[in-house]
Amino acid sequence: MYCDGEDWEGLAVEAASQLDVEDVDHVEERWIRTRGPLPLAVRIALVHAALTERMPRPRLTEMSEWERREAMERVSHEEDRRQRIAWHLMEPAPELWEELAREGKHAMHVRRILLERPEKLADKVLLVCLPAVTNDNLRDGDDLFAGIRLTVAADCVRRRPRLRDIATAELTRVVQEAVEDGWTPAGRFTGWKEISALAELTDDPALLADAVTATRNAAEPRTTRQRGEKEPSWSEERATTVAALTANPATPRNELTALLPTLNDAALLAVTRHSRGDLHAAACARLAKLREEEESRNPTLIQIPSDEELADLDNPAEELRTHLKYLRTRAEQRDTTCEGLLRSRFTTPSILRDLPAHRVLESREQADLTARMIAETCGDNLARWNGIAAHLDPPPRKAVTFGAWLDGLKSTTA
């Protein structure tokens, strides 16, 4: 700032470019507070200062795996911090974006920042940023790096859909070069991200057909690596890939139709969202069949309405009686129905009589009603009262209803 006060702008720019990243923010803030708007030349110098690595990179090859992971996390955190500070300087001056991204030792960093940060970019700025989309510097004839180039380009296209229109030739070139370098949808380093990237970048039916074939033949690994909480599973990644393939109109529909029998619910849903006509109908039919099969294996349990819901009905007891038929179904449904009926305050004596005696006699919710029904059955018959203990030890069999158990009390004689 002293240099600027003496009208030595060149010296001010040179001094700004030598600042450490920690000082960049403070300089901008103090300059604006004491001198007004930051000169564009000084702003550019501060951007370069923010993006300059002052410390040497760690020598990862000399570290243990744990040390290497920790070092890489620190480097990544530091890069993010420098990019945030650089963007803070760039954001108020969009007139500088094209110049900063066009050339210079930090041009690639600037391009990546621009592709990621602002909501909108002018076409001329997008075109200047293309090297960060195509990443020609990564090409070395290796199929691994070819796949990386595909995924990076596709990520940029998702963020900046306008690239499809203004950089079609460049995106096509990335795909062609990947194939030339030995990359295939079924290659050794190919995963779901790479196949999804291909589906978003190419309109070559033959390549897309190969991608569908690879998707059809893929088998879920028996052992999977540990994933983070937000990291998608193998099946989720496959469904995302299927969605990308289906969304591309150049993907052969007959290949996608042949893929349907190998898909799960999530992937079939993805097809239905991105298809029409025969493919859509076939996907819907397959999805319905899967759900029917799942329902037959694990039928949905019919729940007893809550007391709040029953209170709104004209005849709550009649509604509860309609559920008695489920006492003759599979065990899980019988248990659900019995528990619900015993829990409801609208359960009547006639309903209680149809429930298993051992469940009724153990129920706390229906203890008062159960006691009244036993008292009504025994009345003033002493033999029946004395016979209750014998009817409880051993407990009634599971097939005996509470009504049958009460009738057994009536038959008790002295």
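Index from 1, following the sequence.
- More than 12 heavy-atom neighbours from other residues, nucleotides or ligands sit within 6.0 angstrom of CZ on Arg297.
- Between the side chain of Arg173 and the backbone N or O of Thr168, no donor-acceptor pair lies under 3.5 Å.
- Side-chain N or O atoms of Asn135 include one that pairs as donor or acceptor with a backbone N or O of Ala132 at under 3.5 Å.
- Between Val175 and Leu171, every side-chain heavy-atom pair lies at or beyond the 4.5 Å cut-off.
- For the residue pair Arg139 / Thr134, no side-chain donor-acceptor distance below 3.5 Å is found, with atom types taken as modelled.
- Side chain of Thr377 to backbone of Met373: a donor-acceptor contact under 3.5 angstrom is found.
- Distance check: Phe402 CZ to Asp407 CG gives 10.5 Å after rounding to the nearest 0.5 Å.
- There is a side-chain donor-acceptor pair under 3.5 Å between Ser350 and Thr348.
- The aromatic rings of Trp234 and Trp192 stand perpendicular to each other, their planes meeting at an angle above 60°, with 30° marking the opposite boundary.
- In this structure the side chain of Glu319 reaches within 4.5 angstrom of the side chain of Thr322, judged on heavy atoms.
- Counting only heavy atoms from C-beta outward, the side chains of Leu208 and Asp203 never approach each other to under 4.5 Å.
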Full working for side-chain contact (heavy atoms from CB on, under 4.5 Å) between Leu256 and Val271
CA-CA 9 Å; Leu256 288 170; Val271 176; 5.9 Å; no
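- Nearest heavy-atom pair across Leu51 and Arg82 is O-NH1, 2.8 Å.
- With rounding to the nearest 0.5 Å, the separation of CG in Asp165 from CG in Asp123 is 8.5 Å.
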Test log, rule salt bridge (charged side-chain N to carboxylate O under 4.0 Å, His left out), inputs Glu292 and Lys289: CA-CA 5 Å; Glu292 287 176 5; Lys289 183 178 180 181; over 6 Å; no
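- Side-chain contact between Gln366 and Ile351: absent, with no pair of heavy atoms (C-beta onward) separated by less than 4.5 Å.
- Considering only heavy atoms from C-beta on, Asp265 stays 4.5 Å or farther from Glu294 through its side chain.
- By the neighbour-count criterion of 12 heavy atoms within 6.0 Å, atom CZ of Arg164 is densely surrounded, having more than that number from other residues, nucleotides or ligands.
- Of all heavy-atom pairs spanning Thr190 and Pro185, the tightest one is CG2-O, 3.2 Å.
- The shortest non-hydrogen separation linking Met108 to Pro131 is CE-O, 3.8 Å.
- Using a 4.0 Å cut-off between charged side-chain N and carboxylate O, Glu376 and Arg372 make no salt bridge.
- Taking NZ of Lys124 as the start and SG of Cys129 as the end, the distance is 12.5 Å to the nearest 0.5 Å.
- We find the SG-CG distance between Cys156 and Leu130 to be 9.5 Å, quoted to the nearest 0.5 Å.
- In terms of heavy atoms, Asp307 sits closest to Phe346 at O-CE1, 3.6 Å.
- Between the side chain of Asn264 and the backbone N or O of Ala267, at least one donor-acceptor pair lies under 3.5 Å.
- Contact check for Asp210 versus Leu198: no side-chain heavy atoms found under the 4.5 Å cut-off.
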List the steps, then state whether side-chain contact (heavy atoms from CB on, under 4.5 Å) holds for Phe145 with Asn137. CA-CA 10 Å; Phe145 283 97; Asn137 58 305; over 6 Å; no
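- To the nearest 0.5 Å, the span separating CG on Leu121 from CD on Glu119 amounts to 10.0 Å.
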Test side-chain contact (heavy atoms from CB on, under 4.5 Å) applied to Ser363 and Arg359, step by step:
CA-CA 6 Å; Ser363 172; Arg359 298 292 298 274; over 6 Å; no
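- Heavy atoms from other residues, nucleotides or ligands lying under 6.0 Å from CZ of Arg216 number more than 12.
- Dense packing is recorded around CZ of Arg330, with more than 12 heavy atoms of other residues, nucleotides or ligands lying under 6.0 Å away.
- A donor-acceptor contact shorter than 3.5 Å is absent between the side chain of Thr329 and the backbone of Lys325.
- Arg286 contributes a side-chain N or O that, together with a main-chain N or O of Pro261, makes up a donor-acceptor pair within less than 3.5 Å.
- Judged by distance alone, with hydrogens and angles left aside, the side-chain atoms of Ser344 form no donor-acceptor pair with the main-chain N or O of Leu341 at under 3.5 Å.
- Here the CD-CD distance, from Gln303 to Glu339, works out to 9.0 Å after rounding to the nearest 0.5 Å.
- Looking only at distances, a side-chain donor or acceptor of Asn248 sits under 3.5 Å from a matching main-chain atom of Thr202.
- In terms of heavy atoms, Ala270 sits closest to His274 at O-CD2, 3.1 Å.
- Between the side chains of Asp354 and Thr401, no donor-acceptor pair of N or O atoms lies under 3.5 Å.
- Between Arg102 and Ala107, the closest heavy-atom pair is C-CB, 4.4 Å.
- Donor-acceptor pairing under 3.5 Å is lacking for the side chains of Glu255 and Thr251.
- The environment of Asp140 atom CG is dense: over 12 non-hydrogen atoms of other residues, nucleotides or ligands sit within 6.0 angstrom.
- Residues Leu89 and Ile44 are not in side-chain contact: their nearest non-hydrogen atoms beyond the backbone lie 4.5 Å or more apart.
- At distances below 3.5 Å, not a single donor-acceptor pair connects side-chain atoms of Arg149 with backbone N or O atoms of Leu138.
- In this pair, His106 and His109 present their aromatic rings tilted. The plane angle is within the 30 to 60° band.
- In this structure, a donor-acceptor pair under 3.5 Å is absent between the side chains of Ser196 and Arg158.
- In Asp278, the CG atom is not crowded: 12 or fewer heavy atoms of neighbouring residues, nucleotides or ligands sit closer than 6.0 Å.
- In terms of modelled atom types and a separation under 3.5 Å, the side chain of Glu194 and the main chain of Gly191 share a donor-acceptor contact.
- Between His48 and Leu100, some side-chain heavy-atom pair lies under the 4.5 Å cut-off.
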